[in-house]
Amino acid sequence: MLAGWLGATALLSAHLVHAAGPDIGAHDIGGQVSGPNGPEAGVWVIAETKDLPTKYSKVVVTDDQGQFVMPDLPDAAYKVWVRGYGLQDSAPTTTRPGKQLILKASAAKSAAADAQNYPGMYWYSLLDIPSPSEFPGTGDKGNRIPETMKSQAQWVDTVKNMCQSCHGLGTRGIREVPKAFKEGADSQTAWALRTQAGQAMEYMALALGSMGPDKVYSVFSKWTDRIAEGELPFDKPQRPKGVERNVVITMWDWASPTHYQHDAISTDKRNPTVNANGLIYGSPEESTDLVPTLDPIKNIASTIKEPYLDPNTPSSEDAPHGTSAYWGDDAIWDGHTSIHNVMIDEQGKVWFTARLRPPENPDYCKEGSSLPSAKVAPQATSLRQLSRFDPVSGKWDLINTCFSTHHLYFANDPNNTLWLSAGGPGLGGGIVGWLDTRKFRETGDGVAAQGWTPLVIDTNGNGKRDQFVGAKDPLDPTKDKRIMASFYGIMPSPVDGSIWGQSMDRGFSRIDQPGYIVRVVPGPDPANTALAEVYQPPEGTFGPRGIDLGLDGVVWTALSSGHLASFDRRLCRGPLNGPTTVEGKQCPEGWKTYRLPGPQFRGLDPGGSANHAYYVWVDRYNTLGLGANVPIACTNGGEALVALVNGEFVTLRIPYPLGFFSKNVDGRIDDPSAGWKGRAIWTTSGTRANFHSEGGKEAYPKVFKVQMRPDPLAR
């Protein structure tokens with residue numbers, strides 16, 4: 001395939017022409033890309049300007065004849081160039097909207113040069129994963145893998161869910177070790193130094209400790225050594241084809257080069273016309289208390305500052321950190337509020353999971369409190385709480401929850417109940433929390449409006465919640481059983497009022513349990529009546545990450561085995577309560593799995609993939625244009641958004657800047673009557689280390705607007 005590209009492409013030069021080309025208007029740029037043997041199909045044309053209040057870029061794909069139309073550009077001077085597999089990037093050509101370009105192409109200088117444009121997964125699939133025979137680990141006196149690491153699947157799950165989920169492992173900034181760490185050190189020591197750099201060293205130490213630091217340093221240093229010696233990916237990506245060429249990607253800089261974004265939000269998931277044409281909001285997690293905003297109409301990026309309750313609230317600036325190859329000894333993160341996730345409600349108000357104080361809980365959360373939930377499951381600490389911002393008044397409401405918060409979504413009930421997950425394994429005490437937003441709006445009382453419940457399985461099979469035994473206690477035929485799974489992803493069902501969550505695998509948890517998806521039926525008094533069901537992914541797959549539901553009630557999750565998976569409870573044939581259901585192995589017939597595109601690690605089951613999705617979002621209302629209830633996986637290893645349409649994947653690669661890394665998306669309809677132009681999905685740069693991506697220290701996080709037009713030349 002590469003030989004074909006190299007024989008048919010050329011270094012891009014461009015000049016303005018007056019010959020007929022694709023139909024364009026005064027606000028479009030159009031033209032054709034061709035090589036020595038004819039048109040270049042399926043390559044990306046990129047336009048960028050710094051003339052607007054924030055840097056603005058747009059990307060389209062050429063059609064079968066190598067033609068392109070870049071629609072709806074603000075009036076400015078643009079640098080335009082082409083990027084594609086098998087090509088060298090062109091020298092940018094300056095032009096303005098209303099112009100036609102002919103772009104002449106030449107081949108990439110070598111296979112190695114071409115591979116620099118591959119998605120990261122093609123590079124990190126070169127990792128030599130420890131063989132199944134090395135598990136369970138034998139510890140310091142054996143293979144340097146801890147005894148708690150029970151299987152190869154668990155090790156892979158930890159690589160993907162703790163390493164790849166924060167950093168793009170295959171990006172150039174990771175696959176090449178900075179000189180600052182290599183000077184005077186062998187490769188393993190260099191890797192030890194780089195994992196102790198910056199302000200995430202404590203988190204990295206947790207991951208390393210679960211996998212075995214010496215083993216990790218050995219595996220990763222051999223990987224980067226082989227790449228430095230010239231090893232290239234053993235598989236190659238394909239150019240966009242078919243409907244993939246219809247994509248239009250618009251992007252804006254926001255925030256700052258030292259700050260990263262975990263998520264972004266544009267609207268209310270339940271009604272994507274809310275906040276039409278309004279600001280996009282980000283969640284900067286540990287990096288800062290400054291919430292970035294983007295006005296996509298005026299092309300203005302700005303910030304608002306999240307307040308907190310207690311001046312003693314911890315700051316990421318105070319965390320231990322080592323010398324960075326990029327930032328030296330500077331602590332570039334200074335966030336107190338640790339804003340993880342952000343949502344917009346039906347009134348256009350913006351909700352954040354945010355740290356407002358130190359972990360110690362108020363007395364109303366603890367043993368002896370009169371709160372119904374505290375009587376059932378008292379909480380001594382919480383790591384993150386809840387806030388609300390009113391864009392009209394500029395007022396903040398700070399809601400001091402007893403339970404830890406992580407992700408948040410609104411239910412479809414009359415109270416617009418806000419359900420919140422606690423986070424990863426071992427966090428949150430095995431509970432799920434909520435806020436009655438109707439009560440909060442009416443009373444302003446965040447204490448009375450909140451509640452939480454432990455996760456209890458109906459193991460005695462009588463259809464109601466009874467007294468229960470603890471998570472580590474044996475089953476009692478007269479009682480139910482509690483589990484300590486903590487939700488990471490969370491999503492209320494639009495069908496039946498149940499709440500679905502997803503709990504991580506045990507790879508880096510102190511709790512010995514697999515990854516589940518979890519269904520909770522709240523009942524009339526959730527603190528006392530809620531019942532849970534758990535379901536493990538089918539045999540041969542593992543590692544659920546993120547969750548969403550379509551309007552049909554079908555559950556979707558991404559698996560670290562390299563799959564997108566659905567679960568349809570309506571297909572279950574056996575009993576869903578009783579003593580056998582505590583393991584979650586009932587209803588294998590409810591699952592369907594789809595192998596994510598891309599290579600697999602060598603030696604692993606080819607039925608899986610090295611590709612990995614951080615989260616999955618279901619496009620309930622066809623905001624992208626590929627259909628209603630279409631799941632979209634954020635494949636940060638693939639540097640793409642991947643939609644499953646009629647059982648087939650549509651890969652929307654974001655080719656610029658290299659290292660695209662998204663954690664979630666949402667979709668908004670700005671104008672229902674405007675066709676494809678009035679709707680889009682939105683996301684942001686989600687990596688913690690944006691400086692590992694193209695542009696290095698000068699690169700800003702970006703907001704990405706992704707649209708699908710009916711054909712590659714539509715305007």
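Start at 1 with the first residue, then count along the sequence. Side-chain atoms are counted along with the backbone in the values below, which use heavy atoms only and exclude waters and symmetry mates.
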With a 3.5 Å distance limit and no angle check, can you tell me whether [X] reaches the backbone of [Y] through a side-chain donor-acceptor pair?
X: N361; Y: Q379; result: yes
X: Q600; Y: A610; result: yes
X: Q385; Y: S382; result: yes
X: T635; Y: G637; result: no
X: Q164; Y: L169; result: yes
X: S561; Y: F542; result: yes
X: S369; Y: K375; result: no
X: T541; Y: P538; result: yes
X: K439; Y: A449; result: no
X: K269; Y: V618; result: yes

Ion pair check, [X] and [Y], cut-off under 4.0 Å:
X: E134; Y: K215; result: yes
X: R355; Y: E286; result: yes
X: R441; Y: E346; result: yes
X: R569; Y: D496; result: no
X: K366; Y: E360; result: yes
X: D552; Y: R620; result: no
X: D157; Y: R545; result: no
X: E285; Y: R688; result: yes
X: R388; Y: D397; result: yes

Intermediate values then yes/no, side-chain hydrogen bond (donor to acceptor under 3.5 Å, both in side chains), N528 and D525:
CA-CA 6 Å; N528 295 286; D525 176 18; 2.8 Å; yes
May I ask you to decide if the ring planes of [X] and [Y] are parallel, tilted or perpendicular, using 30° and 60° as cut-offs?
X: Y594; Y: F649; result: perpendicular
X: H340; Y: H262; result: tilted
X: F403; Y: W452; result: tilted
X: F601; Y: Y124; result: tilted
X: Y614; Y: Y488; result: perpendicular
X: F567; Y: Y535; result: tilted

Do the side chains of E589 and D568 get nearer than 4.5 Å, heavy atoms only?
no
With the side chain counted from C-beta on, respond yes when K349 and I344 share a heavy-atom pair under 4.5 Å apart, and no when they do not.
no
Regarding N143 and T138, do their side chains bring together a donor and an acceptor under 3.5 Å, going by distance alone?
yes
Using distance alone, with no hydrogens and no angle criterion, decide if D345 and W351 have a side-chain donor and acceptor under 3.5 Å apart.
yes
Run the disulfide bond (SG atoms under 2.5 Å apart) test against C634 and tell me which residues pass, sequence neighbours left out.
none
Going by disulfide bond (SG atoms under 2.5 Å apart), name the residues that satisfy it together with C163, two or more places apart in sequence or in a different chain.
none
For [X], enumerate each residue passing the side chain to side chain contact (heavy atoms under 4.5 Å, CB included) test, keeping only those at least two apart in sequence or located in another chain.
X: T557; answer: Q502, I517, P544, L559, A565, W591
X: N415; answer: D413, T417, D436, R438
X: S370; answer: none
X: R465; answer: V376, T453, P454, V456, F468, D480, A530, L531

Distance from [X] atom [atom1] to [Y] atom [atom2], nearest 0.5 Å?
X: L418; Y: T437; atom1: CG; atom2: OG1; value: 7.0 Å
X: I399; Y: F440; atom1: CD1; atom2: CZ; value: 3.5 Å
X: I547; Y: I490; atom1: CD1; atom2: CD1; value: 9.0 Å
X: T581; Y: D458; atom1: OG1; atom2: CG; value: 7.5 Å

Derivation of the side-chain hydrogen bond (donor to acceptor under 3.5 Å, both in side chains) call for N611 and R595
CA-CA 9 Å; N611 203 352; R595 184 191 185 278; over 6 Å; no
Is there a side-chain hydrogen bond (donor to acceptor under 3.5 Å, both in side chains) between D466 and N460 once you walk through the steps?
CA-CA 9 Å; D466 304 300; N460 67 14; 2.8 Å; yes
side-chain hydrogen bond (donor to acceptor under 3.5 Å, both in side chains) evaluation trace for R384 with S404:
CA-CA 5 Å; R384 191 185 280 118; S404 293; over 6 Å; no
